[in-house]
Each structure stands twice: as structure tokens, then as C-alpha cells.
Amino acid sequence: MIVSRINKTKGSNIEKGFSLIILTIVIVSILLTFNSNPFSNRLDAHDSSMFLYFGKGMSEGMVPYKDIFDHKGVVLFFIQYLASIVGFGNIFIGIFVIQAVFLVVAIIYLYKIGILLTKSYTVSSLILLISTGLFAELYEGGNLSEEYALTFIAISLFYFIKEIMADSLKNHTYFFLGLMGGLVFFMRMNMISLWAVFCIGIAIREIMTKNYKVLAKKALLIFLGGIFVVAIAFSYSIITNSFSEMIYQTFTLNLEYSSVTFSERISSFRFFFELFSVYGMPLISAFMLAVYFIRSKYLTKSQRTIILSILISLILNFFTIILSGRNYRHYATTGIPFLLAAQFIVVSFYSTKLSKKNNFLAICTVVIFMVPAFVPTVAERINNVVRKDMPIFQQEQLDIADYINKNSSENDVIYVHAIDANIYLHANRFSNSQFFVLPSLNYEEFPDLKDQFIHSMENNPPKFIVISKNSYLSDNPNNTRLNKVVIDKIQSNYIQIGKFDKNYYLFELNL
């Protein structure tokens with residue numbers, strides 16, 4: 001008996017050790033796909049560079065929404081500000097550290113979800129290994145709002161599943177769940193499908209069992225956690241005199257940004273359906289639905305609740321993704337926890353019927369067959385990031401940034417029109433106004449924003465203006481993206497720096 005117990009413990013330790021190695025491979029592989037990793041030879045992608053600009057600006061005393069314009073939530077900008085602190089002023093080092101921490105926490109909690117659902121360390125870790133291609137594809141270089149939201153979603157999903165299994169959690173955990181929901185809401189409000197589904201599920205369960213006092217306590221604690229984040233965000237905006245700007249940009253403008261045609265949403269539906277189909281979402285969803293209805297009597301109440309909740313969350317999250325009508329792969333990142341949880345559930349139906357040895361052989365066989373599906377995606381992304389030669393257009397951005405840095409003072413302001421924020425970051429200069437990178441809007445439909453932009457160009461003209469060659473040379477420029485305003489300003493008050501003409505033009509104020 002003692003020998004058997006020792007062997008069982010030894011076997012468990014070996015399994016945990018094996019899983020730890022697999023998780024390390026998963027984490028390192030994904031980290032190497034980030035544009036911010038130490039071996040990268042690429043600049044930050046468009047949105048990432050914008051967020052870093054917020055962090056750098058906040059570290060210099062600038063106020064989000066008031067001094068810097070964008071429609072993302074304030075929590076995202078504080079993450080960027082934290083990166084500046086962690087990097088001791090070097091935000092590029094700091095953001096990689098922050099991303100690494102968020103990724104490690106996300107993988108740990110996804111792994112813990114797998115253990116809850118499959119009762120196997122090995123199965124959980126190997127499914128995560130198979131999914132590295134999904135992370136690499138959807139993260140798109142990293143430092144995007146969905147990447148950070150995924151961590152909070154993974155943590156909360158773990159505790160929601162535990163709540164269903166155990167029927168209750170410690171009081172502070174409910175508050176924590178509300179806190180996580182509040183943080184995600186203040187990144188982007190359409191990413192809270194998890195909380196909508198599981199909170200309604202908990203409420204229905206407690207009402208059906210007539211546990212009204214328990215329901216009231218849980219609801220209050222979750223509400224207090226969420227309202228705590230709201231109180232901090234609102235307090236910060238009131239103290240910095242940016243409350244009205246925050247409300248407009250975070251909520252009003254976000255809704256207007258998501259206002260698209262029905263055909264655009266249909267196009268987005270097709271795009272993301274095809275994307276998720278590659279990773280088996282329709283097949284997995286159909287299997288879960290079949291199990292729920294066909295084998296319902298063989299399932300425990302908690303199993304049925306978990307299956308239904310995950311399935312609804314997966315579908316609801318999918319529809320929130322297509323709301324904006326824009327085909328950006330990283331929007332789908334918030335679906336990863338639900339898709340993985342669904343995979344864990346599907347695998348658990350088979351793994352529980354096999355011995356531990358056969359279970360291990362079966363999952364290893366699946367991994368071997370899946371290698372051609374996920375390894376090329378990860379390898380291609382890593383190669384794209386760490387390749388020796390930087391893309392020509394990014395090298396030109398660095399050259400322009402270097403020229404601006406050497407031919408201006410730190411007090412001088414510049415303007416980079418409709419490109420990204422990398423030139424600001426590497427030139428160590430700020431924009432002449434809050435409109436450092438114009439959000440993707442039709443400015444003919446936003447006359448107030450257009451007037452503010454024109455006013456800033458007149459009252460605080462930038463020393464340098466950078467514009468893409470294609471934009472500047474376009475026939476009949478219009479003000480959909482304010483191209484005509486910028487080109488007219490350049491032609492009347494600026495002279496061209498002739499050494500830059502591949503992808504971008506650089507103009508200097510003619511004093």
C-alpha cells in the first residue's frame with residue numbers, strides 16, 4: 001500500500017514536471033512572436049505604437065483623452081504607463097516585461113481551467129501546446145487591448161467554473177470577479193460577454209433554488225468589485241479635469257466607431273467564422289450541443305451548466321467581435337479562453353474513458369498529427385519578428401525619427417499623419433495636439449473633431465510633418481481622413497526634406 005502510494009505520487013510529480021516543460025515551451029514560443037521581444041527586429045504595430053505613446057505621454061504628465069485622443073479604455077493606458085515605470089523610462093523594455101507577466105498568468109489560469117475540466121495535467125498542457133498557433137495568429141505581434149483582457153477573462157473563467165462546481169466561493173473572490181469585469185469593461189466594453197453569461201447563470205440557479213439571500217450577497221459583491229473600478233476611473237478623470245472627454249471618447253465615440261452597415265457586419269461574420277473554423281469552433285460547438293441534449297441524463301447538474309455556459313459565452317463572444325464590422329484578427333483573441341475550455345470539455349469525454357497510459361498515448365498522437373497545423377504558424381510569426389532585415393518602410397521611419405531628433409529640441413512638437421506612433425516614440429517627440437494618430441473615422445461625419453484638428457494646426461503648428469507618399473500624391477484628396485487639410489497646410493507653410501522619398505515625405509516648417 002505504501003509502495004503504491006509512493007509510486008502514485010512519483011507518477012504525479014513526473015506528470016507535473018512534464019506539463020511544466022510543455023507550458024514553458026508554450027510561453028517562450030508565444031513570447032518570441034511579440035514585436036517587443038529582445039530578439040525582435042521590427043517596430044511596434046500600428047495600435048501597439050499608439051498605446052505606447054499614451055504610456056510615454058502619461059509618464060511625462062500628459063492626461064489621457066484630454067492631451068491624447070483615442071477611444072480605448074483608460075485601463076489599457078495605465079498598463080502602458082506601468083510599462084514606462086517597469087522599464088525605468090525605457091518603455092520598450094517595460095512593455096515586454098508587462099506582456100510576459102500577463103501571458104504567464106493567462107497560460108497558468110488556462111492550464112488550471114484544463115485541469116478542472118479534464119482532471120489531467122498532461123492533457124491540459126498538451127492542448128495548450130496545440131493552441132500556440134492560435135495565440136501567435138491572433139496576438140498579431142502583441143500589446144493590444146484583447147491580449148490584456150484575455151488574462152482577466154482567463155482568471156475569471158477559472159473562478160466562475162469553480163463556482164459552478166463548488167456552488168460557492170469565498171466572499172472576496174466574488175468581489176475579485178467584479179473587479180476583473182470592471183477592468184475589462186474599461187479596456188473595451190464589448191469584451192464582457194463572460195460576466196454577462198455567468199452572472200445571469202448564477203442568478204438563475206439561485207432563483208431556482210430560492211437562495212435569495214445568497215444571490216443578493218453574490219450580486220452585491222460582484223457589483224462592488226465592478227463599481228470599485230468605475231469609481232477609480234471616474235475619480236481619476238475628475239481630478240485630471242478630463243471626465244467629459246473620457247465619457248465621449250470611451251463610450252460615445254466607441255459606439256459611433258462601431259456603427260457600420262449590415263453588409264460590413266456580414267463580411268466580418270464570414271471572416272471570423274472562417275478564422276474560427278480553422279481551429280474547430282463549429283465542430284466543437286456542435287459536439288458540445290449534441291452531448292448536452294443526447295447525454296444530458298448522464299451528466300451532473302454542474303456539468304450541464306458548465307457546457308451550456310461555455311457554449312453561450314463562445315457564441316456571444318463571437319457576435320461581440322463582429323459588432324465593429326472590421327476584420328482585425330486580434331479582435332478574436334477574447335474568444336481563446338472559451339474555445340480552449342470547449343476543447344477541454346470535448347477531450348474530457350474521451351480521456352475519462354481511457355487509462356492514464358492510453359490517455360497519454362492518445363493525446364500525444366493528436367499532438368503529432370496537429371504539428372503541421374500549429375508549428376508553421378508559430379515558426380512563421382517568430383521568423384517574421386526576428387528576421388535579420390527590418391522592413392524597408394520601418395527602417396525609413398527610424399531614419400526620419402533620427403533626423404527629427406537631431407534637428408529639433410525636446411520642446412518642439414511634430415505631427416505624423418495617419419501612419420502610426422513609432423516616429424514619435426523613436427524621435428522622442430510629442431504631437432502638436434491630442435490628435436497624434438487619427439482614429440479610423442470618417443471625419444466628414446465628425447465636424448467638431450475636424451474643426452479641433454484644424455484649430456490645433458493653426459495655433460500650434462508642428463515643426464515637422466510626416467505623411468505617407470501615397471497620401472500626399474493621391475489624386476483629389478478629401479477630408480475623409482483629413483488628408484486635404486494636412487496637404488493644404490504643408491503646401492502653404494512647409495518645405496520638403498528631400499532625402500526621404502521612398503514611403504514617406506518629411507516636411508519642415510518654413511519660418
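Position 1 is the first residue of the sequence, and the numbers go up from there.
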- Take Asn470 and Ser468 through the test side chain to side chain donor-acceptor pair (under 3.5 Å) and record every step on the way to the result. CA-CA 5 Å; Asn470 289 337; Ser468 73; 5.8 Å; no
- Just do the ring pair (Phe, Tyr, Trp, His ring centres under 6.0 Å) check on Tyr236 and Phe78 with the steps written out, would you? CA-CA 11 Å; Tyr236 172 78; Phe78 270 98; 4.9 Å; yes
- Might you work through the side-chain contact (heavy atoms from CB on, under 4.5 Å) test for Val86 and Leu82, ending with a clear yes or no? CA-CA 6 Å; Val86 169; Leu82 183 62; 4.2 Å; yes
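Checking side-chain atoms of Gln394 against main-chain N and O of Leu43 turns up a donor-acceptor pair under 3.5 Å. In this structure a side-chain-to-backbone donor-acceptor pair under 3.5 Å is present from Ser131 to Ile127. Listed for the Tyr424 side chain is a donor-acceptor partner under 3.5 Å among the backbone atoms of Phe436. Between the side chain of His330 and the main chain of Glu146, no donor-acceptor pair closer than 3.5 Å is present. A donor-acceptor pair is defined here as one N or O able to donate and one able to accept, closer than 3.5 Å; such a pair exists between the side chain of Asn190 and the backbone of Thr320. Put simply, the side chain of Ser49 gets close to the backbone of Ala421: a donor and an acceptor are under 3.5 Å apart. Side-chain N or O atoms of Gln397 include none that pairs as donor or acceptor with a backbone N or O of Asn422 at under 3.5 Å. Looking only at distances, a side-chain donor or acceptor of Thr24 sits under 3.5 Å from a matching main-chain atom of Leu20. Between the side chain of Asn37 and the backbone N or O of Leu32 there is at least one donor-acceptor pair closer than 3.5 Å. With Ser40 contributing its side chain and Asn35 its backbone, the two residues share a donor-acceptor pair below 3.5 Å.
Counted within 6.0 Å of OH on Tyr121, heavy atoms from surrounding residues, nucleotides or ligands total 12 or fewer; the atom is thus considered open. Crowding of Lys162 atom NZ: a count of heavy atoms from other residues, nucleotides or ligands under 6.0 Å not exceeding 12.
Note that the CZ atom of Phe186 and the OG1 atom of Thr250 stand 7.5 Å from one another [nearest 0.5 Å]. With rounding to the nearest 0.5 angstrom, the CG atom of Leu425 is 7.5 Å from the CG atom of Asp44. One distance of note links CD of Glu264 with CD1 of Ile322; it measures 12.5 Å at 0.5 Å rounding. Rounded to the nearest 0.5 angstrom, Asn90 CG and Ile95 CD1 are separated by 11.5 Å.
Using a 3.5 Å distance cut-off with no hydrogens or angles, the side chains of Glu147 and Thr333 do not pair a donor with an acceptor. Using modelled atom types and a 3.5 Å distance limit, the side chains of Ser263 and Thr261 yield a donor-acceptor pair. Of the N and O atoms on the side chains of Asn143 and Ser48, at least one donor lies less than 3.5 Å from an acceptor on the other residue. Inspection of the Thr118 and Ser120 side chains reveals no N or O donor paired with an N or O acceptor under 3.5 Å.
Put simply, the side chain of Leu150 does not reach to within 4.5 Å of the side chain of Thr334, judged on heavy atoms. Ser285 has its side chain within reach of Leu311: a pair of non-hydrogen atoms, C-beta onward, lies under 4.5 Å apart. Side-chain atoms of Ser313 and Asn317, non-hydrogen and from C-beta on, never get closer than 4.5 Å to each other. Within the 4.5 Å cutoff, side-chain heavy atoms of Trp195 are placed close to those of Met180. Looking at Ser268 and Tyr331, their side chains never come closer than 4.5 Å, going by heavy atoms from C-beta outward. A 4.5 Å side-chain heavy-atom check between Tyr109 and Ile153 finds every atom pair outside the cut-off. Looking at Val385 and Asn41, their side chains never come closer than 4.5 Å, going by heavy atoms from C-beta outward. Side-chain contact between Ser193 and Phe319: absent, with no pair of heavy atoms (C-beta onward) separated by less than 4.5 Å.
Between Tyr65 and Phe77, the ring center distance clears the sub-6.0 Å criterion. You'll find the ring centres of Tyr279 and Phe276 outside the 6.0 Å limit. Ring-centre distance between His426 and Phe92: below the 6.0 Å cut-off. Taking the centre of each ring, Phe269 and Phe318 come in below the 6.0 Å mark.
Minimum heavy-atom separation, Thr122 to Ser19: N-OG, 3.5 Å. Closest of all the heavy-atom pairs between Met288 and Ala342 is SD-CB, 3.4 Å. Residues Leu275 and Ala332 approach most closely at CD2-CB, 4.1 Å, considering heavy atoms. Shown here for Phe51 and Gln80, the closest heavy-atom pair between the two residues is O-CG, 3.1 Å. The minimum heavy-atom distance between Leu129 and Val26, with the atom names listed, is CA-CG2, 3.6 Å. Minimum heavy-atom separation, Thr33 to Ala136: CG2-CB, 4.0 Å.
Screening residues 128-154 for ring pair (Phe, Tyr, Trp, His ring centres under 6.0 Å) gives Phe34-Tyr139, Phe102-Tyr148, Phe102-Phe152, Phe135-Tyr139 as the qualifying pairs, with residues at least two apart or on separate chains.
Salt-bridge formation is not detected for the pair Arg381/Glu140: no Lys NZ or Arg NE/NH1/NH2 atom is positioned less than 4.0 Å from an Asp or Glu carboxylate oxygen. Look at Glu137 and Arg329 and you find a salt bridge, because one of the NZ, NE, NH1 or NH2 atoms lies within 4.0 Å of a carboxylate O, short of that distance.
With sequence neighbours left out, Arg387 forms a salt bridge (charged side-chain N to carboxylate O under 4.0 Å, His left out) with no residue at all.
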Scan the side chains in residues 218-234 for donor-acceptor partners under 3.5 Å anywhere in the protein, sequence neighbours excluded, and list what turns up.
| residue | atom | partner | partner atom | Å |
| --- | --- | --- | --- | --- |
| Lys218 | NZ | Glu163 | OE2 | 2.7 |
| Lys218 | NZ | Asp167 | O | 3.2 |
| Lys218 | NZ | Tyr174 | OH | 3.4 |
| Lys218 | NZ | Glu206 | OE2 | 2.8 |

